[in-house]
2 protein chains.
Amino acid sequence: MNPKKDVTIYDIAKQLNISTSTVSRALQNHPAINKLTKKKVIATAKEIGYQYNTFAGNLRKKSTSIIGVMVHELNSNFITSVLAGIEKVTSEAGYDIIIAHSSESYTKESANALNLFHKRVDGLIASLAYDTKNLDHYLPFHQKGIPVVFFDRVEPSDKSTVVVIDNTKCGYQATKHLIEQGCKRIAHITGNLSRNVYAHRFQGYKKALTEHHLPFDKKLLIVNDLGEEAARNATLQLLRLPSLPDGIFITNDFTAAVVIQTLKENGIVVPDDIAIVGFNNDAISKLIEPKITTINYPGIEMGEIAARQLIANLKGEENVQLTNTIIIRSDLIIRESSLKKHTPLSIASNNNANKK
Amino acid sequence: MNPKKDVTIYDIAKQLNISTSTVSRALQNHPAINKLTKKKVIATAKEIGYQYNTFAGNLRKKSTSIIGVMVHELNSNFITSVLAGIEKVTSEAGYDIIIAHSSESYTKESANALNLFHKRVDGLIASLAYDTKNLDHYLPFHQKGIPVVFFDRVEPSDKSTVVVIDNTKCGYQATKHLIEQGCKRIAHITGNLSRNVYAHRFQGYKKALTEHHLPFDKKLLIVNDLGEEAARNATLQLLRLPSLPDGIFITNDFTAAVVIQTLKENGIVVPDDIAIVGFNNDAISKLIEPKITTINYPGIEMGEIAARQLIANLKGEENVQLTNTIIIRSDLIIRESSLKKHTPLSIASNNNANKK
DNA sequence: ATGAAAGCGCTAACAT
DNA sequence: ATGTTAGCGCTTTCAT
């Protein structure tokens with residue numbers, strides 16, 4: 001298949017009548033090598049079409065300078081920002097990255113993890129799939145001392161650093177904001193509650209209700225796969241309720257967009273009849289009508305921090321036991337979808353009158 | 001960094017008192033090996049924690065079973081569908097894939113190409129970046145006989161198969177549809193015209209105008225980077241024109257969504273004042289108001305076909321000279337954004353009255 | 001059905 | 001500043 005024989009450092013060495021070690025060192029810009037020699041080596045390398053053989057190098061060095069990145073999906077602003085952040089930091093540090101995506105499937109995540117392990121990545125940065133419930137597939141990494149950093153979708157682990165946002169706080173903020181807008185019956189549409197992000201947002205939601213003496217009504221909690229159809233069904237389900245909710249906190253903007261559309265199709269006015277808060281600050285949140293109030297959190301920064309943490313681990317600078325959890329800032333962005341006309345924002349947001 | 005020594009086939013061989021060749025063959029399920037031996041080898045492999053070393057294998061075999069995939073971006077439905085298609089076909093054929101993305105930058109694309117080359121991928125599937133103007137960075141692949149298949153964003157090449165849609169036809173269809181809706185002044189917002197997809201769509205646009213005896217007005221052609229700000233500026237630029245367009249054909253749905261929003265903010269009614277056709281059938285096209293008429297084309301299929309073509313090349317089954325271009329079907333999806341009230345679709349779409 | 005032995009291309013400890 | 005040398009772990013030809 002590759003008929004032509006590869007050009008190796010032996011060929012360069014022969015041509016220049018020097019040893020392969022000198023060639024190898026020259027190619028790596030080793031300080032002990034004569035500048036002239038380096039020049040000659042590089043020149044002949046180019047001349048005879050030499051190409052570095054990564055396998056031979058990796059086999060010898062027992063390290064790949066590759067960092068694996070496992071993501072649960074690819075098509076969201078958030079993930080592409082995280083990837084950009086990771087790429088920036090890792091490439092500056094001389095690492096390449098390999099991206100694997102699980103498409104939200106535990107099985108695929110597992111297979112990919114094994115695959116990255118066999119590819120001998122030096123480290124791993126991962127976000128878990130929708131239905132991942134254990135971390136067994138990362139055991140080989142731990143056993144071999146390969147550092148793993150989890151971000152966003154995580155499980156508690158004493159073996160790895162996790163980089164997350166404070167989802168409980170976000171859920172709390174989102175819900176509190178709706179309460180301050182005068183909402184009394186706030187629904188929550190979210191994903192699998194065994195996944196940390198959704199579990200914590202739900203906790204925050206409940207906390208806000210409790211603090212403001214609103215009852216938690218389990219009919220107002222809908223857990224689904226967050227797809228388009230599920231979002232429509234969830235909305236219709238809420239609309240069939242004997243008494244409608246007056247606010248919905250939805251765990252991602254895409255789902256929120258579908259919900260808003262379905263509500264409008266059914267003659268419900270957003271935010272007047274039902275106020276909406278989404279999550280993620282995806283591009284779509286600014287493009288639909290009304291624009292969606294949402295939680296923003298910086299993907300780039302999350303990626304950069306995860307990568308920096310991993311590289312620190314790799315260099316042995318950092319003790320995982322010490323920095324086990326890193327929390328990134330996040331904030332509520334208020335737009336039209338949640339602003340009930342009768343409660344001006346400036347008053348509402350500082351209003352603690354509900355508290356005893 | 002990886003303190004523990006790796007378990008190798010030598011360890012297995014020693015433990016069982018057989019040779020490494022037997023172990024190697026057993027692990028590969030070679031037919032000449034005794035079933036019992038195989039079982040024992042596999043058992044002890046598991047027992048002592050053996051892990052295959054890809055580098056040693058690749059170094060020896062001079063092939064990696066890895067296919068590189070170069071994409072211009074990651075965050076679109078289209079690309080994720082293509083990836084899914086590629087993944088399906090390649091994994092069935094026993095290949096792994098490595099995804100590299102250029103973020104629409106020629107420089108990054110170039111660097112990534114070299115990188116994949118050094119990683120010794122067995123083949124490459126690529127879509128070009130926004131500003132890629134030559135294919136020099138793929139030369140090493142051609143020289144070494146590594147097959148490359150381009151999809152969607154391509155340049156003409158006699159060395160590779162290209163998999164595309166008929167962009168000229170799509171541009172023509174989109175524009176003709178607007179004309180049939182009664183539009184007389186149709187603007188076109190698009191990307192870099194040296195990129196094939198945009199160039200061809202523009203050709204189709206012009207062809208439709210010419211065929212229907214409408215003049216091409218260069219003030220109605222806006223070329224930009226298709227980002228959010230550019231889309232807004234483009235819209236405002238059109239709105240400043242002494243006589244407004246009554247239709248706009250826009251080269252992607254995200255941009256179209258921003259344009260529609262900006263139009264609405266400026267009191268223009270879509271489609272009544274200005275009808276809109278987008279491109280790609282992204283999720284957003286169904287979620288904004290009005291829903292966007294767009295061109296749909298099947299990413300999954302494109303990915304599958306590109307991958308199948310590459311694998312056929314790899315196996316030497318296929319002669320690139322013979323199948324140089326593969327065209328995938330595509331179609332116009334008509335939604336509200338282009339439907340002028342006074343021209344019912346059923347009549348308009350079969351109407352050739354304009355023709356001499 | 002199994003084994004011996006060579007070698008894939010590179011690196012690095014050790015020598016000079 | 002450069003060379004010698006011994007592998008890294010696997011596959012495979014040739015032999016038995």
Side-chain angles (χ1 to χ4, degrees), chain A residues 1-42 44-45 48-66 94 117-120 122 144, chain B residues 1-42 44-45 48-66 94 117-120 122 144:
Chain A
M1 227 147 285
N2 297 338
K4 289 161 204 144
K5 205 161 151 44
D6 276 344
V7 177
T8 75
I9 55 171
Y10 286 95
D11 300 315
I12 302 177
K14 207 176 295 167
Q15 183 134 346
L16 293 174
N17 247 305
I18 55 179
S19 78
T20 57
S21 3
T22 306
V23 175
S24 174
R25 285 194 271 251
L27 256 16
Q28 294 171 73
N29 201 16
H30 188 111
I33 298 292
N34 189 313
K35 273 189 189 162
L36 185 64
T37 317
K38 275 185 199 170
K39 248 186 203 147
K40 280 198 271 182
V41 167
I42 290 166
T44 40
I48 63 179
Y50 168 76
Q51 294 286 354
Y52 181 79
N53 185 321
T54 329
F55 302 127
N58 288 343
L59 177 59
R60 184 59 232 238
K61 284 185 301 188
K62 289 176 151 286
S63 108
T64 56
S65 295
I66 293 178
F117 183 73
H118 283 151
K119 290 214 178 78
R120 297 284 207 278
D122 284 357
K144 218 181 147 200
Chain B
M1 226 147 287
N2 295 339
K4 286 161 207 145
K5 204 160 153 42
D6 275 344
V7 177
T8 74
I9 54 171
Y10 287 95
D11 301 315
I12 302 178
K14 207 176 295 168
Q15 184 134 344
L16 293 174
N17 247 306
I18 56 178
S19 77
T20 56
S21 354
T22 307
V23 175
S24 174
R25 286 194 270 251
L27 257 15
Q28 293 171 74
N29 202 17
H30 187 113
I33 298 292
N34 188 314
K35 273 191 189 162
L36 185 64
T37 317
K38 275 185 198 169
K39 246 186 203 151
K40 281 199 273 183
V41 167
I42 289 165
T44 41
I48 63 178
Y50 167 78
Q51 294 286 352
Y52 181 79
N53 185 321
T54 330
F55 301 126
N58 288 343
L59 177 59
R60 187 56 232 243
K61 284 186 300 189
K62 289 176 154 285
S63 108
T64 56
S65 294
I66 292 178
F117 182 74
H118 283 152
K119 290 213 177 79
R120 296 285 207 277
D122 284 356
K144 219 182 148 197

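Remember, it's a predicted structure, so these values are computed and weren't measured experimentally. A note on names: the letters A, B, ... follow the listed sequences, proteins ahead of strands, and every chain is numbered from 1.
- The shortest distance between the side-chain N/O atoms of B/T22 and the OP1/OP2 oxygens of C/dT2 is not below 4.0 Å.
- Residue A/L59 contributes atom CG, which lies 9 Å from atom C1' of D/dG7 at whole-angstrom precision.
- Remark: the backbone N or O of B/I9 is not paired with any side-chain donor or acceptor of B/T20 at under 3.5 angstrom.
- With hydrogens and angles ignored, no donor-acceptor pair under 3.5 angstrom links the side chain of A/S24 to the base of C/dA12.
- Across all their heavy atoms, A/S19 and A/A13 have their closest contact at C-CB, 3.9 Å.
- The minimum heavy-atom distance linking B/H118 with A/Q51 is given by the pair NE2-OE1, 2.7 Å.
- Protein atom CG of B/N29 is 13 Å distant from nucleotide atom P of C/dA1, rounded to whole Å.
- Note: CG (A/N58) to P (C/dT11) measures 9 Å, nearest angstrom.
- Looking at which nucleotide of DNA chain C each of A/I9 and B/T20 is closest to, the 5′-most match is held by B/T20.
- Rounding to whole angstrom units, NE2 of residue A/H30 and P of C/dA12 are separated by 10 Å.
- Atoms CD and OG, on A/Q28 and A/S24 in that order, are 4.5 Å from each other to the nearest 0.5 Å.
- Counting to the nearest Å, the C1' atom of C/dT2 and the CD1 atom of B/I12 are 16 Å from each other.
- With hydrogens and angles ignored, no donor-acceptor pair closer than 3.5 Å exists between the side chain of A/Y52 and the base of C/dC10.
- Toward the 5' end of DNA chain D, the nearer of the two residues A/Y10 and A/N17, judged by each one's closest nucleotide, is A/N17.
- Residue B/Y50 has a polar side-chain atom (N or O) positioned under 4.0 Å from OP1 or OP2 of D/dC10.
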Discussion item. Apply side chain to side chain contact (heavy atoms under 4.5 Å, CB included) to residues A/T22 and A/V41 and explain how you reach the verdict.
Written reply: CA-CA 9 Å; A/T22 306; A/V41 167; 5.5 Å; no
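- At a cut-off of 3.5 angstrom, the base of D/dT4 holds at least one donor-acceptor pair with the side chain of A/S21.
- Donor-acceptor pairing under 3.5 Å, judged by distance alone, is absent between the side chain of B/R60 and the base of C/dG9.
- Between B/R25 atom CZ and D/dC14 atom P the separation is 13 Å, expressed in whole Å.
- For A/A56, taking side-chain heavy atoms from C-beta onward, the closest of the listed nucleotides C/dG3, D/dC10, C/dG9 is C/dG9.
- Close to D/dG7, at under 4.0 Å from its OP1 or OP2, lies no side-chain N or O of A/K62.
- The interatomic distance linking A/K39 (NZ) with D/dA1 (P) rounds to 16 Å, in whole Å.
- A sub-4.0 Å separation between OP1 or OP2 of D/dG9 and a side-chain N or O of B/T8 is absent.
- Note on B/T37: a side-chain N or O is less than 4.0 Å away from OP1 or OP2 of C/dT2.
- C/dA12 atom C1' lies 12 Å from atom NZ of A/K61, rounded to whole Å.
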